Every structure is written in structure tokens, then in C-alpha cells.
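Because the structure is predicted, anything quoted here is derived from the model rather than measured.
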Amino acid sequence: MDFDLTAEQREIQRLARAFAEAEIAPNAADWDRAHAFPRELLGRLGELGLLGVCVPETDGGAGADFVSYVLVLEELSRADAGVGVTVAVHTSACTLPLLAHGSVEQRAEFVPPLARGEVIGAFALTEPGAGSDAGALRTRAERTDDGWHVSGTKQWITNGSFAGTFLLFARTDAEREGARGVTAFVLDAAHVAVTREEEKLGLNSSSTADLAVDAVVPAERLLGEENHGFRIAMSTLDGGRIGIGAQAVGIAQAAYDVARAYAVERRAFGQRIGDFQAIQHKLANMALEIDAARLLVYRAAWAKQAGHPHTAEGAMAKLFASETARRQTAEAIQILGGYGYTKEFPVERYYRDAKITEIYEGTSEIQRLVIARELLGKPAVGGS
């Protein structure tokens, strides 16, 4: 059993960390207040190969592995979780499913621009009445002479306001209930309309939009098999959860870094507050849980890269890492005391950013269901 990163993985990690520390972290507080980050940042990430890090070179990517990808997400999220989730959804939820399920023609058309960052991707599954119960979606796709007429609404779509390629799910068989009868489609920005930009507790620099779609798309925009889109959605989430776990680890690590530095510098009652046992225990627990979360994420990433089953592993990584991020960002605020509750220090932002990792790409409750059903051999949540 080898816990060391390869030389290539370490180099990619160093590249992502250097970029994040120089270009992202110094601006994260301003982007949080502005509720956006400059779109040219994505172009620079694309130039560095960080938007297609685990996409084969033949498809326009950097040709690294999935472990390298989660290392990138961790470093970006450590600087700004909004940038982290933008990259995560672009890669895990749009580019990789197209790579895995697309035809030769679809891969050639859509994947290279996404991998190079020329186009940003989005994943459109959630609807006002279909969140954890994704099989309840009501967006429709009906056959026409020219292809498919897709109509409906989508909610809380990350990157929705500026994405150019959308992996969108619609019901193609009205007679089937639940997960049956759902199909995946590849849409362009021209096919959707942004109806609202969501105001959120955290991740303010990222775009979260509601969409309306009423468009005819060519027949070749159907991804995979008709009425088997739910399988694509669930397999996408299996990998996407690992990325969200990496995001949560990055947030928690950032909070720990600030808390530790403060404990060393802040003095009370004639000594560093880090010399008090209560603070020492908090820091020890933070380091312990963050390390455990990181190892779970790396294990799940390794399993996916190796082609092993990783549904339970991804759910475990996402569940533990997200709950760790929520707990330990709160502890960072406690260590800083009143300063932690102000915007003078970034830990309040980390706390706000951490909470969503327990909700999107499957709530903590859904993760526990996924893990239990894998252990007991029951059908997956919303099975076909």
C-alpha cells in the first residue's frame, strides 16, 4: 500500500497551489462580496491545463489521472470554494460524462473545447420538484421531425449563467415513472434562458442559476441511449461526489491554516492561546478529521481511476469530508473568537462555504442511504 503521490501528481498539485495562492486567494474576499469572479480566470486555468487535467491529451486535456484532478480541486477550493465548485461541475459533471458516454462525434465536438476551457460546462438535473428525488423531474423531451423538443425548468444550476455546454436531463417516456424514461441531452447556451441568479449563504463567487428551456435540438444531441439517462446521471454523481469531497477538504484545510496561525500569534493571560489545552484539543481534532477526510477522498479517487466500483467509496468520502468541513470551520471561528465572526478574517466565509457541501450532489442523508444500500445489496437510490 503506497500513500505517496507520484512525481506527476505532486507537480500538478504544486502548479494548482501556486496559481491559487497567487491569483485566487488574495481576491477571494472581494469576489465573495461581488458575488462573482472574473471570467478570464477560467481562461487562465484552461491555459494551464487545469480545466481538463484528467481528460486524455487526444481529447484536448492534460492527460493526467483522476487523483491529480482531486488534488487540483482541493487546492483551488482552499483558496476560494466558489472557483473550486465551478471547476468541479465543469469537469466532473459535464466534461467527463461526455467523455464516458458520448459517441465518437460527440466527443470530438464537445470535449476538446471543454477541456481547454474555451467553453464552460454545466449539469442540469435538479428541478423545483426534483432534488434528492431526481427521478421526479418533469422537463420533457418529445420527438419532432427535426430532433427533440425539450421544454421545462431547471433549478440551482452551477455555472448556469455563463456555461456554453449543458448536460441536461429530460423525460422522454411520459408513461414511465421515476427514473425510468429519463434521457440525457447535450444543449448549448442558445437553447436555455437564465431566469434567476440565486442569492446564497456561501459560494458567492460561483454562479447558481435557474433555467428555462424551450428549444428544438438535433437528434444527435441525445447522449447515450434513449430512456437510460438516469444511469448517466447516477454514474456522474458517483464521481462528482469525490470532487465535492475534495472541495470540502480544501475548505477545512484553509480554516485550519488560519486557526493554527492565530493560535500561535494570539496571546491571552500572558501566553499564546495555543498553549491552552482547550485550543490544543481543537487543533488536534481539526488535523485528525481533515487528514481522515483527505485519505477517504484520495482512496475514492484512486478506486475510480483504477476502474474499481466506487459508489460507496465516493459517498463515504463526500459524507465525511463535508461534515468535517462544517464542523471544523465552526471550530476555526471559535478559536478566533470575536474576530472569527467578522470579515476581517476569512473563517466566516469558510463556514458559509462549507455548509453546501453537505447538500449538493446528494445530501448527507442521501449519502447514508447510498452507503447502506451498497452494503446491503439493495438497488441504488431511484433505481431504474
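- Under a hydrophobic-cluster definition in which Ile, Leu, Val, Met, Phe, Trp and Tyr are linked whenever side-chain heavy atoms come within less than 4.5 Å, directly or via other members, L187 and F162 are assigned to different clusters.
- Environment of CZ in F276: crowded, with over 12 heavy atoms of neighbouring residues, nucleotides or ligands closer than 6.0 Å.
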H310/W302 under ring pair (Phe, Tyr, Trp, His ring centres under 6.0 Å): CA gap, chis, key distance, verdict: CA-CA 9 Å; H310 55 276; W302 172 84; over 10 Å; no
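- Here the closest non-hydrogen pair linking I251 and Y350 is CG2-O, 3.5 Å.
- Using a 3.5 Å distance cut-off with no hydrogens or angles, the side chains of T363 and E358 do not pair a donor with an acceptor.
- In this structure, L45 and V83 have side chains that are in contact, with non-hydrogen atoms separated by less than 4.5 Å.
- Looking only at side-chain heavy atoms (C-beta outward), V347 and Y262 stay at 4.5 Å or farther from each other.
- More than 12 heavy atoms of other residues, nucleotides or ligands sit less than 6.0 Å from atom CD of Q271.
- With D59 contributing its side chain and G61 its backbone, the two residues share no donor-acceptor pair below 3.5 Å.
- A distance-only check finds no donor-acceptor pair linking the side chain of S92 to the backbone of V89 [under 3.5 Å].
- Between the side chain of H191 and the backbone N or O of D188 there is at least one donor-acceptor pair closer than 3.5 Å.
- Between T153 and T195, the closest side-chain pair of non-hydrogen atoms is not below 4.5 Å.
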Derivation and outcome, salt bridge (charged side-chain N to carboxylate O under 4.0 Å, His left out), residues E289 and R327: CA-CA 10 Å; E289 288 201 10; R327 284 192 297 268; 2.8 Å; yes
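- Without hydrogens or angle criteria, R171 side chain to A141 main chain gives no donor-acceptor distance under 3.5 Å.
- Checked options N204, T86, D30; the residue passing with F37 is T86 (criterion: side-chain contact (heavy atoms from CB on, under 4.5 Å)).
- Residue pairs meeting the ring pair (Phe, Tyr, Trp, His ring centres under 6.0 Å) criterion with at least one partner in residues 100-137, sequence neighbours excluded, are F123-F169.
- The shortest side-chain heavy-atom distance between E142 and W148 does not fall under the 4.5 Å cut-off.
- At a cut-off of 3.5 Å, with distance as the only test, no side-chain donor of D238 or S235 sits close to an acceptor on the other residue.
- Here L71 contributes atom CG and E8 contributes atom CD; the two are 11.0 Å apart, rounded to the nearest 0.5 Å.
- Residue pairs meeting the ring pair (Phe, Tyr, Trp, His ring centres under 6.0 Å) criterion with at least one partner in residues 67-95, sequence neighbours excluded, are F66-Y69.
- Between E313 and R299 there is no salt bridge, since none of the side-chain N atoms of the basic residue sits less than 4.0 Å from a carboxylate O of the acidic one.
- If you take CD1 on I244 and CD on Q367, they are separated by 10.5 Å, rounding to the nearest 0.5 Å.
- A salt bridge does not link E361 with R241: none of the charged nitrogens is closer than 4.0 Å to a carboxylate oxygen.
- Within 6.0 Å of the CD atom in Q13, the count of heavy atoms belonging to other residues, nucleotides or ligands exceeds 12.
- For R14 and E11, the salt-bridge test passes: some basic side-chain N is under 4.0 Å from an acidic carboxylate O.
- L295 has its side chain within reach of F3: a pair of non-hydrogen atoms, C-beta onward, lies under 4.5 Å apart.
- Side-chain contact between D65 and Q9 is present, with at least one heavy-atom pair separated by less than 4.5 Å.
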Please report, to 0.1 Å, the donor-acceptor pairs under 3.5 Å made by any side chain of residues 206-214, with sequence neighbours excluded.
residue	atom	partner	partner atom	Å
S206	OG	L203	O	2.9
S207	OG	S161	N	3.3
S207	OG	S161	OG	2.6
S207	OG	E197	OE1	3.3
S207	OG	E197	OE2	3.2
T208	OG1	K200	NZ	3.2
D210	OD1	W156	N	3.2
D210	OD2	R196	NE	3.3
D210	OD2	R196	NH2	3.3
D214	OD1	H149	NE2	2.6

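- Shown here is R138, whose CZ atom has no more than 12 heavy atoms of other residues, nucleotides or ligands within 6.0 Å.
- A donor-acceptor pair under 3.5 Å is formed between the side chain of H228 and the backbone N or O of E226.
- Proximity of a side-chain donor or acceptor of D80 to a complementary backbone N or O of G82 within less than 3.5 Å is detected.
- Following chains of ILVMFWY side-chain contacts shorter than 4.5 Å, one can reach V194 starting from F166, so the two form part of one hydrophobic cluster.
- In this structure, D133 has no salt bridge (Lys or Arg N to Asp or Glu O under 4.0 Å) partners at least two apart in sequence or on a different chain.
- In the hydrophobic clustering of this structure, F269 groups with L283; members are Ile, Leu, Val, Met, Phe, Trp, Tyr whose side-chain heavy atoms approach within less than 4.5 Å, directly or through other members.
- Because its NZ or CZ atom is not both nearer than 6.0 Å to the ring centre of F230 and within 45° of the ring axis, R180 does not count as a cation-pi partner of that residue.
- Across every non-hydrogen atom of T158 and V85, the tightest pair is CG2-O, 4.1 Å.
- Evaluated for a side-chain contact (heavy atoms from CB on, under 4.5 Å) with T165, the options T95, N159, L98 yield exactly one hit, L98.
- A distance-only check finds no donor-acceptor pair linking the side chain of K318 to the backbone of V297 [under 3.5 Å].
- Here the side chain of T342 pairs a donor or acceptor atom with the backbone of Y339 at under 3.5 angstrom.
- Listed by chain and number, the hydrophobic cluster partners of V264 come to none, as no ILVMFWY side chain reaches under 4.5 Å of it.
- Under 3.5 Å, the side chains of S322 and T357 contain no donor-acceptor pair of N or O atoms.
- Q106 places a side-chain N or O within 3.5 Å of a backbone atom of E220 that can act as its donor or acceptor partner.
- A donor-acceptor contact under 3.5 angstrom links the side chains of Y360 and Q247, judged on distance only.
- Under the 3.5 Å distance criterion, the side-chain polar atoms of T183 are matched with a main-chain donor or acceptor of N227.
- A 4.5 Å side-chain heavy-atom check between I356 and L201 finds every atom pair outside the cut-off.
- To the nearest 0.5 Å, the span separating CG on L76 from CG on L50 amounts to 6.5 Å.
- The shortest side-chain heavy-atom distance between E323 and S364 falls under the 4.5 Å cut-off.
- No hydrogens or angles considered: a donor-acceptor pair under 3.5 Å links the side chains of Q253 and R294.
- Applying the salt bridge (charged side-chain N to carboxylate O under 4.0 Å, His left out) definition to pairs two or more places apart or across chains, those involving residues 266-283 are R272-D275, K282-E331.
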